[in-house]
Structures are given as structure tokens and as C-alpha cells.
Amino acid sequence: MLRTPYVLSASAADAPGDDTCADLSEREVGHNSAALALRTRRRAEVHGPEHFLDVWQDVSAVSVPLFSPETGHVLGTLTVARALWAGCRPHPGAALAEAAAAAVEAELRARARTAERALLDAYERAARGRERAVVALDGRNRLISEAAAGLASPQVLEALERGARVRGRGAGESYGVSLPEDPGESYDVPLPEDAGCTAEITPVRHEGRVLGLVAVLAPRPVEPEPSAPGPGGALVGGSVAWRHAVARATELFRAPGPVLVTGERGTGKTALALGLLDGTDPLVVDAAESPELGLKDGEWEVPSAGEWGRIGHRPLLLRHAERLSQPDVAALNSLLEQHPDARLIATHTPGTSPGPCLQRLLDTLAARSVTLPALRERPEDIKELLPSLTPGPAPGSPPLTWTLDALRALEQHPWPGNVTELAHLVRALAGGRRVFGPVRRGELPDPVREGPAGRTLSPMELAERSAILEALRRHGGNKARAATALGIGRATLYRKLREYQGRDAQNGPRP
């Protein structure tokens, strides 16, 4: 009796007892024959422990890709699964899968309609080469040029799809779209408000009936932003570490007294301070630009809590407190002793060992300090940071977007310069790009594109890698059981295997 824990299509199938398994891609559910067949475009077998999910550990499966007779693209896969096969390859159902796939493709060729060829002809006439952004749809098929793939978001394609689902003959019903009587006349399909493109729509008619549409896309003109994004972009983030730091700083600022914001360079200390001071006209002084502030001469009038907000009394933002001269640090210590409720926000970047006066200041402010996390400690915030750090697009250019592979490279980079370094990279890319479409991994600078794989593993990482490989060996390559034995989640195990892959220190067998 055959067991079928996954079925025909690798893009939409369910595993028994697991309603969340709606996508059989390796990114979602790990290694399986359907995804492997789609990737290699040939028959693929996966047996028992080679699967990632527990529900497939006792299953042997063979998958054969199904190809479109019109385009040659892979439409999906046909999978035959059975109880775990202990014999030699090939899978006992391999011949059945091959024959069934051939029968399906033969049926597809037999059912190929003249109307679909009409859509293809209309697409090729509109494309006129690969440089034009053209989409052709008929409610079942999508033909998208390379240039259009960089302009059309999934939401835009869905809107065009709604316009393409035309019923009846002639003008007919078109889901809210009024079709013109003139076969050569174009019409409009409402696109999402945030679409980065416009579309010139032409209906495709066949035998007196509208069967679909061809859309020629163009970048939507965008007014440039009045100014480049300021440091406020660094306030963006939804990670636990970042939200905790912002909440802590806000709580301290609401109570009378000074606040110390500390952290590595580029973590957003000044941005956070300015965010706290929003709505005021603070006096901003930077000790890195002028270490001699004249505090020792009593030139700084410190407003008390009762005077906060009155005309003539401005809050003070002191940047780079570590760069203050020793006399000014001593004067600041004295002033804070006299005015413990002063409204002062100071930023400090740890580095060399502080002198006695600066250490005393840090000790005084320790109870009212907040440490901002480094960007490498909150990589999940990078996706949210990118839009706020990106300058407004030039007129006629789409907004800057990123492929998943490029985002993964950004998240894996250690960012020694933190948010400031990320902002410089984004602005350099935005100003220097000459192509449309999302930013790809290959466009990133070498250190970011190559990721951490080029460095040598530390002794602790070597020990961790050895433990993982040993656990995999003991459990016959079963990653789920190895993760359980190591006391870590399977997702963590997969992430660590990806991180160690390709490292100089990886001399053992590939996990």
C-alpha cells in the first residue's frame, strides 16, 4: 500500500497531520524530492532520514518534473511515495512516476489551445526584445519579461490578473474593467497606490472574444524627497533588544535628571537622543568637534526640572562625552552634583580606558543609562531599516528594493559600523545603480556579499561544528534527531550548517 505524504506539486501540497505544510520548497520544509526535482529539472529520490520533517522519516519518495509544452518551464512535479525502501536505487515507483509524467505532458500538449498561442504572439509583439517591460495574462497563464519582473510586484500582478479574467464574448464582463470596442484601443486597470510603475493595457482578442491582456509597464514618476533621510531612520526596529532599549530610554527621559546613552559607534545614539528631544530646540554640542566646551568657566547654564521648557532654557545634547577634556569633565561632574535633576542627554562610545574624571561621570550616570544593541545583535531589524535609510528615488525611477538573497547577505554581515555603515552602503547603491529591479547579492560590496564564510572559525566555533558533525554521524545524517540530541531547534541546526558551509576550517565531510 502506497503512502502519499506529499503529492503532485512542490509549490502547493499538504502533509498529513501538518496543515502548515503548504509549501514544499526546501526553504520552508527542508530537503524533499519534489523541491529537488524542481531545482535540478530531473527525476529525484529522497529516502527516510534524508527528509527534514519528522512525518516523512519513514517514507521513500521519487519525483519527476512536469514541463510546459508551450514554454518548457517546470509546471510542478509528480511524486510517488511509499513506505521506506531499504533496497538499492532506483525507487520502485520511479518507472511509474516517469510514465505518469509523460502521460500528463502528452495530455497537456493535446489540450494546448490556439487561444494560448494568440496570447503568446501578442506578448512577443509587445516585447520587441528583452529590454521592454511586458506582462501578458489570461487568468491562467503569465508571461513576464525580464524587465517587467523588476517592476511588477505581486500586488501589481494580482491587479492585472483581475483585469485579465474576462468572461463572455466581445466586451463581456471584466471584473469592473470596461473594455473598449476598438480592438486596438487600450484601457486602464486600477493598480495599487504604492505600485512603482504604470501600465498601458491592451486587450488580446481571439475569435471575437477577449481572452486576456498585454500590459506594457513603465516606472512611475516619483517626486524626490525634500531631503535625504536623517538619523531618525536609526530609530526603526522591532527586535526585542531594540524595543527594550528605546523603552528604557523613554522611561528615563520622562523622569527628571540626566540620561546617558551608550553603545558602539553608529548604533544610533544621537538619533535616539534627538527622538527623545523631539518638539524642543535642544542645544547640541559635540565634544569630538570641540573638546573645550568652557564648562570649567561656568558658561553653561543648567536648567532645573522646574525650569524645563521655559523660554531661554534649552535642553542640552552632549555628543561624544568620551572626548571631553578633563577640565570640562570635572566641571560637568560638579554641575551635576549641584543640579541632579538637570535635563541633559549625553552619548558615550566605549573605547579606551576612561580617566578618573570620566569614570566618575560614568558612575554618576550609570543608574540612568541605556546601552543600545549593535546591529549584528538585531539583524531582523535590517529589513525595516532599509526603507528609512534609502534616499528618495530620482524622477522616473522605482523605489529601491532587495532580493531575499541580498537581504540574507545584509543580515549575516557583522556591520562593525552598525547603522551608520549600513546607511552609507544603501546611499552608495541608490546613487550608483544603472539598472532596474531589486538589488541583487552580486551588487553588494565584496565583504558583504561573501558574508562571514571567508573568516576562520574561532576555537569555540570549531568545537561547536565538531559536535554538530558528530551528532549527525551518530544519527545517520538525520538532522531532526541530531538537533534533539544537541538540545537545539532544527532551524538553529540548519542555520549553523549554512554558516559553517564553505569556511576555511571546514575540512571534514560536508554535513
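Hydrogens, waters and symmetry mates play no part in the numbers below; they use all other heavy atoms, side chains included.
Panel note: side chain His51, backbone Gly48; a donor-acceptor pair is recorded below 3.5 Å. Glu105 places no side-chain N or O within 3.5 Å of a backbone atom of Ala102 that could act as its donor or acceptor partner. A side-chain donor-acceptor contact under 3.5 Å links Ser145 to the backbone of Val134. Remark: the backbone N or O of Val216 is not paired with any side-chain donor or acceptor of Arg132 at under 3.5 angstrom. In this structure, the side chain of Trp415 engages the main chain of Leu410 through a donor-acceptor pair within 3.5 Å.
More than 12 non-hydrogen atoms from other residues, nucleotides or ligands lie less than 6.0 angstrom from CZ of Arg474. Other residues, nucleotides and ligands contribute over 12 non-hydrogen atoms within 6.0 Å of the CZ atom of Arg142.
Remark: Arg41 engages no residue in a salt bridge (Lys or Arg N to Asp or Glu O under 4.0 Å) (not counting sequence neighbours). With sequence neighbours excluded, the residues satisfying side-chain hydrogen bond (donor to acceptor under 3.5 Å, both in side chains) with Glu264 are Arg376, Asn418. Every side-chain hydrogen bond (donor to acceptor under 3.5 Å, both in side chains) that Arg473 has, sequence neighbours left out, goes to Glu470. Remark: Arg43 engages Glu45, Val62, Val64, Pro90, Ala94, Glu98 in a side chain to side chain contact (heavy atoms under 4.5 Å, CB included) (not counting sequence neighbours). In this structure, Trp402 has no ring-ring contact (aromatic ring centres under 6.0 Å, His included) partners at least two apart in sequence or on a different chain.
Note that CG of Leu78 is 7.5 Å distant from CG of Leu96, once rounded to the nearest 0.5 Å. Going from atom OG1 of Thr250 over to atom CG of Leu272 covers 7.0 Å, rounded to the nearest 0.5 Å. The CG atom of Leu36 sits 8.0 Å away from atom CG of Asn32, with the distance rounded to the nearest 0.5 Å. Here the straight-line distance linking atom CG of Leu372 with atom CD of Glu377 works out to 10.5 Å at 0.5 Å rounding. A distance of 6.0 Å separates CG in Leu191 from CG in Leu160, rounded to the nearest 0.5 Å. Ser239 OG to His244 NE2: the interatomic distance, rounded to the nearest 0.5 Å, is 11.5 Å.
Leu217 approaches Ala199 most closely through the heavy-atom pair CD2-CB, 3.6 Å. Of all the heavy atoms in Arg440 and Ala406, the pair that sits closest is C-CB, 3.9 Å. Here the closest heavy-atom approach between residue Val135 and residue Ala148 is recorded as CG2-CB, 3.8 Å. What you find for Thr79 and Ser33 is that their closest heavy atoms are CG2-OG, 4.2 Å. Closest non-hydrogen pair, Ala409 versus Arg441, comes out as CB-CZ, 3.7 Å. Of all the heavy atoms in Pro373 and Ala245, the pair that sits closest is CD-CB, 4.0 Å.
For the pair Phe67/Leu75, no side-chain contact is recorded, criterion being any heavy-atom separation below 4.5 Å from C-beta on. Contact check for Leu375 versus Thr267: no side-chain heavy atoms found under the 4.5 Å cut-off. Residues Leu84 and Ser60 have side chains in contact (heavy-atom distance under 4.5 Å, counting atoms from C-beta outward). Between Leu429 and Thr390 the shortest side-chain heavy-atom distance does not fall below 4.5 Å. Side-chain atoms of Val46 and His31, non-hydrogen and from C-beta on, do get closer than 4.5 Å to each other. Using a 4.5 Å cut-off on side-chain heavy atoms (C-beta onward), Glu421 and His413 make contact. Between Val204 and Asp138, every side-chain heavy-atom pair lies at or beyond the 4.5 Å cut-off.
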Derivation and outcome, side-chain contact (heavy atoms from CB on, under 4.5 Å), residues Leu385 and Val426: CA-CA 10 Å; Leu385 282 166; Val426 170; over 6 Å; no
Check against side-chain contact (heavy atoms from CB on, under 4.5 Å), Leu143 and Val214: CA-CA 9 Å; Leu143 300 173; Val214 171; over 6 Å; no
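The salt bridge (Lys or Arg N to Asp or Glu O under 4.0 Å) pairs that include a residue from residues 379-389 are Arg378-Asp381, where partners are two or more places apart or lie in different chains.
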